[in-house]
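Just so it is clear, the values below take in all heavy atoms, side chains as well, and ignore hydrogens, waters and symmetry mates.
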Amino acid sequence: MNIKRSISKKVNKLFGTGRVKSDQAPIYNLYQTTYERSVLICYITHPFYKANHFTHQNYITSHIIAESFSELGYNVDIISYLDKTTEIDYGKYAVIFGMGYRFEDSFYHADRNIPRIMFVTGAHEHLHNEMCLRSINDFHRLSGLWLANETNMISVSTYFSLFNADFAIILARGFVYEDYKSRFVNHLYSLNNNILGSFSEFKPKTAESRTKSFLFLTGAKLVTKGLHILLEVAKLRTDLNFYIVVPHMDIHFENYYEQILHHTPHVFLYKNIRMDSVEMRHIIENCSYTIASSYVDGLPGGTIEPMSAGLIPIVSKYCGFAREKFIFEMEELSSEGLNQTIEKVLALDDRTYAEYCTQVRTYTINKFSAASVKADLLELLQKELKAV
């Protein structure tokens, strides 16, 4: 399909160009509908080319977004937010939704009456970079290692998107939401991240099944995810068990923590396992608590998934969680702050522990299910787009 080119030379110079991978190729009229209006979703395309491997929530998120626009009467085109080569006629769209290069580039199209909806999967870019830098500086002071690649620093700003989108949707609540709101003049909506649901059918946690085992389940960029904060606690708390599940690990980071990761009986490291695997089931059944000592995040999937099985969460305020009595927020983002919060959850009596397990499980299944997230997204899209 030939699409008229509408790309600013300024943006091309800023972002550069590159070839499009096969699973990042644009998708035109995903559902083969014949509506009068079309939407361009600038997000991820690979979930529409590959099967669900139960490793990341964004597989379902991408389908929720596409289905929602289709149900509202839009033909759905999808382009990777990383795509820098495909020719796009932004003027053919009634709505432009998403993030990244393609979303930013749409602001260079002359028709500014087309609604641009910014989709934020973490924190505001300024807070994001501030906390990423803090994470590698903290780890450098601790270890002497400078691991710049272990943080997701955003080196190219998408200024139009950040400050001139018609409205924005952020997968965060609490401090992360409020920070974004303080920087953004238009409407900002909070949307829950969705769970895969891999753990929601597990047996409910009880006082009898309570353990002193903690889960750290996360994606890449382990310094910014705060794994070193947990491992510093693990060095001291040999009375507790720590299960660490990550996709991969930087060799320098792993070598620095060689002793605690590979030669201690209370720390268990797993790499690149599926959420629906036997190993993961064993881990969820063994753990009573989940930890997210992240420097910056937006309702991280590695935390909300275990919550659906009743694991009580310990989180930093930079993870974007709402205030709930069964969500334990660290007062300080440090090993000392984490250890103090661990003491709080261990001090819960068995009755309170069991109540919190039930409450966090119900809260997550009801509020973070794909159906619930889709219903919330449809409601806010209808509210904002009805006058268009």
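Defined by atom type and a distance below 3.5 Å, a donor-acceptor pair is missing between the side-chain atoms of Ser294 and Ser316. Residues Ser198 and Glu305 bring no donor and acceptor atom of their side chains to less than 3.5 Å of each other. A donor atom on one side chain and an acceptor atom on the other are found under 3.5 Å apart for Tyr353 and Ser288. For Ser200 and Ser308, the side-chain atoms include no donor-acceptor pair closer than 3.5 Å. Neither side chain, Asn58 nor Tyr43, offers a donor N or O lying under 3.5 Å from an acceptor on the other.
If you take CG on Leu230 and CD1 on Ile342, they are separated by 6.5 Å, rounding to the nearest 0.5 Å. In this structure, CZ in Arg37 is found 10.0 Å from CZ in Phe69, a value given to the nearest 0.5 Å. Atoms CE and OG1, on Met99 and Thr121 in that order, are 4.0 Å from each other to the nearest 0.5 Å. One finds the CG atom of Leu127 at 10.5 Å from the CZ atom of Arg134 (value rounded to the nearest 0.5 Å). Put simply, OH on Tyr318 and CD on Glu130 are 7.0 Å apart, with the number rounded to the nearest 0.5 Å.
Side-chain rings of Tyr256 and His252 stay apart, their centers remaining 6.0 Å or farther from each other. Between Tyr35 and Tyr74, the ring center distance fails the sub-6.0 Å criterion. In summary, the aromatic rings of Phe214 and His266 are positioned with their centroids too far apart to meet the 6.0 Å limit. Centroid-to-centroid, the aromatic rings of Tyr159 and Phe107 stay 6.0 Å apart or farther. Residues Phe103 and Tyr81 place their aromatic rings such that the two centres sit no closer than 6.0 Å. Ring centroids of Phe163 and His126 are separated by less than 6.0 Å, placing the two rings close together. Checked against the 6.0 Å centroid criterion, the rings of Tyr289 and Phe328 do not qualify as a close aromatic pair. The six-membered or imidazole ring of His262 lies away from that of Tyr257, with a centre-to-centre distance of 6.0 Å or more.
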Taking it one step at a time, do Asp105 and Tyr90 satisfy side chain to side chain donor-acceptor pair (under 3.5 Å)?
CA-CA 9 Å; Asp105 185 44; Tyr90 292 107; 2.8 Å; yes
For Glu324 and Arg173, run salt bridge (charged side-chain N to carboxylate O under 4.0 Å, His left out): C-alpha distance rounded to whole Å, both residues' side-chain angles, the deciding distance at 0.1 Å, then the answer.
CA-CA 11 Å; Glu324 299 287 350; Arg173 299 184 183 275; over 6 Å; no
Take His63 and Phe48 through the ring-ring contact (aromatic ring centres under 6.0 Å, His included) test and state the conclusion after the steps.
CA-CA 8 Å; His63 285 272; Phe48 301 94; 4.3 Å; yes
Show your working on salt bridge (charged side-chain N to carboxylate O under 4.0 Å, His left out) between Lys212 and Asp239 and close with a plain yes or no.
CA-CA 8 Å; Lys212 291 186 177 182; Asp239 57 318; 5.0 Å; no
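Residue Arg141 qualifies as enclosed at atom CZ: its count of foreign heavy atoms under 6.0 Å is above 12. With a 6.0 Å radius and a threshold of 12 heavy atoms from other residues, nucleotides or ligands, Asn255 has its CG atom above the threshold. By the 6.0 Å contact criterion, CD on Glu36 is open, its count of non-hydrogen atoms from other residues, nucleotides or ligands being 12 or less.
Salt bridge annotation for Lys92-Asp111: absent, with no cationic side-chain nitrogen under 4.0 angstrom from a carboxylate oxygen.
Put simply, Leu333 and Leu227 are part of the same group of oily side chains (I, L, V, M, F, W, Y) that touch within less than 4.5 Å, one to the next.
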